[in-house]
Amino acid sequence: MGHDEFVFLLIGLKWTVVLSAVGFVCGGIAGLGVALARASGIPLLERVTAAYIAVFQGTPLLMQLFVVYYGLALLGLMLDAWVAVAIGLTLHASAYLGEIWRGSIEAVPRGQTEAANALSLRYVSRMRDVILPQALRISLPATVGFLVQLIKGTSLASIVGFTELTRAGNIISNQIFQPLTVFGIVGALYFLMCCPLTILGARLERKFAASAR
């Protein structure tokens, strides 16, 4: 595999990183809203967001990307492949992060909420200053673990013809007929992205488990 092919792989790697960042950041913003709705104590909001989470956790990411790109096109909304994949990953991430963070919010000791109520803190102040900082700390290992899964999930963007790392590898493999070499490099690039995050998640989990004893 030559220099030009390797550069093409790096361009695919760039788009994998960009897609992962967009999906994680936008999904995190939407996921926070989902988590707050799930923990709001308002039955209607809880049921709606529970159904939302069930849909995205109960269906494959591949199908979700397919529906966003081709389904919206059938309705007359033609989206660029990049936009469709970004929307699909955002929706997917919001459901998973929303559930992760909902569990973390509910894991904060009830005494913290009672103390905030005793201080007459309003809902926004209570969540922002008391509950969410503790919930974020609790959720960090699971959040990092989900980010690793999201990075690997970007490989499914090829279903709509978007050229990220895996598709770039497939294109090069079809040109030079060296699949083991090409996908060995692709696998190594994924490993270099995901392994540090996996180690970080494991360390955070051990740290928080030790502090909880």
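We're numbering straight along the sequence, starting at 1.
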Checking Q64 now: which residues fulfil side-chain hydrogen bond (donor to acceptor under 3.5 Å, both in side chains) with it, not counting sequence neighbours?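 Residues passing side-chain hydrogen bond (donor to acceptor under 3.5 Å, both in side chains) with Q64: T59, H92.
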
For residues [X] and [Y], report the shortest heavy-atom separation together with the two atoms involved.
{"X": "A35", "Y": "I105", "result": "CB-CD1, 4.2 Å"}
{"X": "L9", "Y": "I185", "result": "CD1-CG2, 3.8 Å"}
{"X": "L89", "Y": "L65", "result": "N-CD2, 4.1 Å"}
{"X": "I53", "Y": "A95", "result": "CG1-O, 3.8 Å"}
{"X": "A93", "Y": "F146", "result": "CA-CZ, 3.5 Å"}
{"X": "W82", "Y": "L19", "result": "CZ3-CD2, 3.2 Å"}

Can you get from [X] to [Y] by hopping between Ile, Leu, Val, Met, Phe, Trp and Tyr side chains that sit under 4.5 Å apart?
{"X": "L180", "Y": "F8", "value": "no"}
{"X": "V25", "Y": "I100", "value": "no"}
{"X": "L45", "Y": "W101", "value": "no"}
{"X": "I11", "Y": "F162", "value": "yes"}
{"X": "M63", "Y": "Y69", "value": "no"}

Not counting sequence neighbours, list each pair that qualifies as a ring-ring contact (aromatic ring centres under 6.0 Å, His included) and has a residue in residues 23-61.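 The answer is Y52-F56.
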
Is the number of heavy atoms from other residues, nucleotides or ligands under 6.0 Å of F191 CZ greater than 12?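 Atom CZ in F191 is not packed in, count stays at 12 or less.
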
Are any of the side-chain heavy atoms of [X] and [Y] separated by less than 4.5 Å?
{"X": "M193", "Y": "T16", "result": "yes"}
{"X": "E46", "Y": "I42", "result": "no"}
{"X": "V148", "Y": "K152", "result": "yes"}
{"X": "V182", "Y": "I176", "result": "yes"}

Answer yes or no: is there a donor N or O on one side and an acceptor on the other, between the side chain of E164 and the main chain of R167, under 3.5 Å?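 Yes; judged by distance alone, with no hydrogens or angles, the pair exists.
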
Ignoring hydrogens and angles, tell me if any N or O in the side chain of Q134 forms a donor-acceptor pair with the backbone of I131 under 3.5 Å.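 No, because the side chain of Q134 does not come within donor-acceptor range (under 3.5 Å) of the backbone of I131.
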
So, W15 versus T154: side-chain donor-acceptor pair below 3.5 Å or not?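 No, no side-chain donor-acceptor contact under 3.5 Å.
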
Begin with the C-alpha distance, continue with both residues' side-chain angles, and end with the deciding distance and a verdict on salt bridge (charged side-chain N to carboxylate O under 4.0 Å, His left out) for R102 and E99. CA-CA 5 Å; R102 188 273 309 169; E99 187 66 0; 2.4 Å; yes

